[in-house]
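Chain A is the first sequence line, chain B the second, and so forth, proteins listed ahead of strands; every chain is numbered from 1. The shown structure was predicted, so the numbers you read here are calculated from the model rather than taken from an experiment.
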Amino acid sequence: MDSIQKIEKKWQKYWKDHHTFEAKIDKNKEKYYYLVEFPYPSGAGLHVGHVRSYTALDAMARKKRLMGYNVLFPMGWDAFGAPAEQYAIKNHIHPSAAVKENIKTFKAQIEDLGISFDWSREFSTTDPEYYKWTQWQFLQFFKKGMAYKAKKNINWCPKCKTGLSNEDSSGGVCERCGTQVEQREKEQWMLRMSDYAEDLIEGLKDTDFQERTKTAQINWIGKSVGAEVDFKLKQVDEKLTIYTTRPDTLFGVTFMVIAPEHPYVDLYSGLISNMNEVIDYREQANKKTEFERTQLVKDKTGVKLEGLTAINPVNGKEIPIYISDYVMMNYGTGAIMAVPAHDQRDYDFAKKFGIDIIPVLAPVYLGDDAPVEGKKNTEREVVVVVVKHPKEDQYLCVRYQKFGWQSFIMGGIEDDEDPEGAARREVMEETGYTDIKNVQSLSFVFQEKFYAAHKDVNRLTTNHVLVVELGSLEQKEMSEEEKNIQEPVWVSKKELRDFLNFETHKKICDFLESGGQAFIEDGTHINSDLLNGLNKQEAIDTIIGYLEEQGIGHKKTNYKLQDWIFTRQRFWGEPIPLIYCEECGWVPVPEEDLPVLLPDVAEYEPTDDGESPLARIDEFVNTTCPHCGKPAKRETDTMPNWAGSSWYWLRYMDPHNDQEFVGKDALKYWGKVDWYNGGMEHATRHLLYARFWNQFLYNEGLVPNKEPFKVRASHGMILGEGGVKMSKSLGNVINPDDIVSSYGADALRTYEMFIGDYEKEATWSEQGLIGCRRFLDKVIRLADKVVEKQEYSKEIEKDIHRTVKKVTEDMDSLKFNTAISALMILLNKMEKMDSITSMDYRTYLILLNPIAPHLTEELNEIHKLGNPICESSWPTYDDAMLEDSEKEIAVQVNGKVRATITVSMDDDDKEIEKKAMAAENVQKHIEGKDVVKVIVIKGKIVNIVVK
RNA sequence: GCGGGUAUGGCGGAAUUGGCAGACGCACUAGACUUAGGAUCUAGCGCCGCAAGGCUUGCAGGUUCAACUCCUGUUACCCGCACCA
């Protein structure tokens, strides 16, 4: 046999010469469209991670073809972007030259792997024939008002000297270089992606994406349902509109916060007496990077607007207004109502600024004695008083002898009392301490439902928790009788939890220890007028109804998803095909003038002034208005590198069409991508952009499906030996070329498919690779046993059918590792036989072909087993051949395996039971015991239960 | 903080969806053979134990004749989002 490399080259040439993998529209065949994310052709060349996903889809594609499907499996290049530009800047050559060079390397590497891409459909996003249509589609957005230019604060990377979309500056750093982004005001082209927020969530239902991909998208879109509420300003006849998801807590509003950039700050600067302080704060906030704003989460800052207040629309209370950078201008209305009792951020702010905290929602606990049905229901307002020792770290508790209660001091609030008064009275009455220095009401209120045995009624108590400080231990005399009813006890902080026998009082300990926190869970509304007694959801519905009735608010859904910033101030991207005319405004370049080509000059450096390098090229900039013919200027910003990848799968269907971006017939036949493979890092960027783009085209009637992709799968990363990420600096990068030249492409492919769960990370192991090479060598040696015969060997006939089934199913669900394992098992069996038939061998080779295509073709040819495998069909299996007539099953005694017995498929349960009981070791374990039960699961197991 | 995920021998990982845990591969051990290699073949290989046997799927409970699998709680790690009201 020739060397591995020679064989691989030979078959690669064969497939190329015979156009084996070129897809043609064939209405008699069912289509299947496999897509793998096209790479950015970097100078570093192919990575073993690319090999993993390309091979996986290649294996599925090859198998589907053998099964008779018309498979589209294309490849191309996503070549706009920074690295090529950097290279060009350094070496003063046009980026397209560098791109051309890199593509050549990449393509040769992929061809060496024997991936069955249809190269007749290859293109690069940087080809003018391609980006002509990217520009054309941008104009469709423009014409529908879906692209607009807006001056706004954008994310600016000072290193790359370009604006970035929110998706590209996630976490406040530039996706490309990791630099902290700054906020810069700039005019930018935007695509109205936020209009599609709901559709992008809804559309997920029509896809089979992995759960993690769906949730990543849903989180990014960030839908929240709430209400907008208008608060009148006291000093002027104007209202401040806020957005909240918790309109049910409206009665607990004690202040409001607006974003530092909120327009009201300037609008009402005349009314604000501390404007200097406010402006100061705003400037500081502006200087903070996104990073600083989010890193200092805990520490709230802000300034009160003196002289400007709002009125709570539901109770008429006057409410102070603050500015603070914890409220963002770009979400909701840039203003919030603050309810410190029920929002942690508001709570932190209120604590820092000494603002009131009013609980309006109380948790409801069930007492130890549950309410009894049929008993009278009564309600009571109650205080629970935590008394601090004046010197020691101790708390005053009470032992209520009669009921065995050990608790804080408790008591009812009388009609003419407030909670504070009740607290004072109860402390004095029950414990005799009189020197009460200070009573503080905690923002902790809870309700408890229980059966009050001493009164024989059901009770619902609303418990107000107060903290009392004593000035001294001055105490009035208490009678023995009183002490017998209730005995005051000082308990140290450490023993407090053990002493208290009320669960609710332990919760008070939690609250005190945590330093206080907002209550954000569900409960029952209190202090809330029409909402009292309702739970969270009921109250939200009720109050929204009320607000709408009164015309002071309405239900509102908000999304975090924002419009797509679609311009970059860089050279190496698609020029935006628009012209600015003093007379006519923005005018699209006429379709017949597309593409607007990137000029061919040697100045690619980005500029500090935020202008694209294209702005320096007069011949490019100066043109005439297509509308009125007067002198006009071209847009000089370019598109982001996500533009070209937002529709490339459509172009593959019809890549050479110079009349349309894709022909109708091709669209109709190939439809949507059936299986799309790509990296997890694109779950919220490329994948969202692509879906948005496609949905827009769908709404314009330009494509037949609203969702472009059916299945989305992603491969796990391949880590270097030792489980660390492969990186140049660690020097542990595996170059696929080296592996191919020393072990062969088939061995590399087999190994990468065998390495583990396709969707999880995997660690590279040279030894593992060698193991796979050995496996292929064994397959070669197996040929020595072959005798010509057109039927399966009786001995392994069933094994072959089972393996066909296993491999067929596993390969469709990315379980390549178990498919290969099944093939190894079958191989081990065949190796033990004296001879195998040519049909055994050929079937085996076809099953292995999708994984190791070169070797299997070669063996098939040199042993004259039949047509080239790529021109043959996938084997089928017979269900009747899957089961053995006899089977070994386990016999358990009390769940422990004690023996195995051989049963025939025709044996009935009685027969099996008889055999099980007869087994020697079973006898030993049931001897002298009662057989309680015998469970026979046919074909699986017998379990004998004894006592 | 919110959301998603993972946890099984020395290692990568299997387990028909509740039915013999550790398939298959790697590493390792012993032996055979040789053309001395990235060999090949045979046997062994979760842990404790001479054995009988016992223990074992992150940890603690529960349901069941039977739990890696279902339920409750808990820990650790990974990923995504995050002052989003």
Side-chain angles (χ1 to χ4, degrees), chain A residues 170-172 210-220 222-224 226 242-246 249 257 259 293-300 324-328 330-339 343-346 348-349 520 558-562 680-681 683-684 723 742-743 747 751 754-757 759-775 777-778 781 805-806 809 815 817-825 827-828 831 882 888-900 924 932-946:
Chain A
S170 179
Q210 295 155 292
E211 208 47 47
R212 57 176 169 160
T213 305
K214 285 189 183 182
T215 47
Q217 295 222 335
I218 288 167
N219 284 348
W220 188 266
K223 180 179 182 172
S224 85
I242 58 92
Y243 175 72
T244 178
T245 54
R246 296 293 304 276
T249 60
V257 186
R293 260 172 99 146
T294 51
Q295 283 309 296
L296 305 166
V297 169
K298 290 278 132 62
D299 198 21
K300 296 279 180 292
S324 172
D325 61 8
Y326 85 90
V327 173
M328 310 287 147
N330 58 11
Y331 182 78
T333 61
I336 62 158
M337 63 178 214
V339 186
D343 181 285
Q344 193 57 42
R345 293 154 303 181
D346 298 345
D348 295 341
F349 193 91
I520 51 173
N558 267 334
Y559 303 90
K560 282 193 261 180
L561 183 72
Q562 303 198 4
M680 219 31 224
E681 70 275 18
T684 51
S742 45
Y743 298 96
Y751 173 60
F754 187 62
I755 195 167
D757 188 330
E759 303 199 315
K760 283 193 215 145
E761 294 186 336
T763 304
W764 181 267
S765 147
E766 180 105 5
Q767 282 305 328
L769 172 69
I770 291 168
C772 288
R773 180 67 251 173
R774 277 208 284 263
F775 161 62
D777 290 339
K778 286 186 198 175
R781 267 182 264 128
K805 179 176 157 72
K806 176 90 179 141
E809 289 173 356
K815 291 161 103 181
N817 53 342
T818 48
I820 293 170
S821 157
L823 286 168
M824 287 172 168
I825 293 167
L827 176 78
N828 290 344
E831 276 182 329
L882 299 176
E888 272 214 338
I889 65 167
V891 182
Q892 300 181 327
V893 178
N894 282 352
K896 290 207 165 64
V897 180
R898 296 301 179 188
T900 54
K924 201 174 126 193
V932 181
K933 207 175 180 184
V934 180
I935 293 132
V936 179
I937 309 292
K938 222 173 182 175
K940 290 194 169 155
I941 208 162
V942 179
N943 193 6
I944 301 163
V945 187
V946 295

Quiz item: Is the backbone of Val893(A) close enough, under 3.5 Å, to the side chain of Arg898(A) for a donor and an acceptor to pair up by distance?
Solution: no

Practice problem: Could you tell me whether a side-chain N or O of Asn894(A) sits under 3.5 Å from a main-chain N or O of Val946(A), the two making a donor and an acceptor? | Solution: yes

Partner of [N] by Watson-Crick or G-U wobble geometry, both contacts under 3.5 Å, or none?
N	result
G1(B)	C81(B)
U6(B)	A76(B)
C45(B)	none
A66(B)	none

Exercise. For Thr215(A) and for Ile770(A), locate the closest nucleotide of RNA chain B by heavy-atom distance; then report the residue assigned to the nucleotide nearer the 5' terminus.
Key: Thr215(A)

With a 4.0 Å limit, can you tell me whether [X] has a side-chain N or O closer than that to the phosphate oxygens OP1/OP2 of [N]?
X	N	value
Lys214(A)	G3(B)	no
Asn828(A)	G25(B)	yes
Arg773(A)	C26(B)	no
Tyr331(A)	A85(B)	yes
Lys940(A)	C65(B)	no
Arg212(A)	C79(B)	no

Exercise. Name the nucleic acid region contacted by Asn817(A), choosing base, sugar-phosphate or nothing; use a 4.0 angstrom heavy-atom cut-off, strictly under.
Key: sugar-phosphate

Exercise. Please work out if Asp757(A) contacts a base, only the sugar-phosphate, or nothing of the nucleic acid, heavy-atom cut-off 4.0 Å.
Key: sugar-phosphate

Exercise. State the syn/anti category of U17(B) according to its glycosidic angle, syn meaning within 90° of 0.
Key: syn

Self-check item: Ion pair Arg773(A)/Asp777(A), N-O distance below 4.0 Å
Solution: yes

Quiz prompt | Interatomic distance where CG belongs to Asn894(A) and P belongs to A67(B) [whole Å] | solution = 12 Å

Practice problem: Would you mind reading off the distance between Glu761(A) atom CD and C11(B) atom P, rounded to a whole angstrom? | Solution: 17 Å

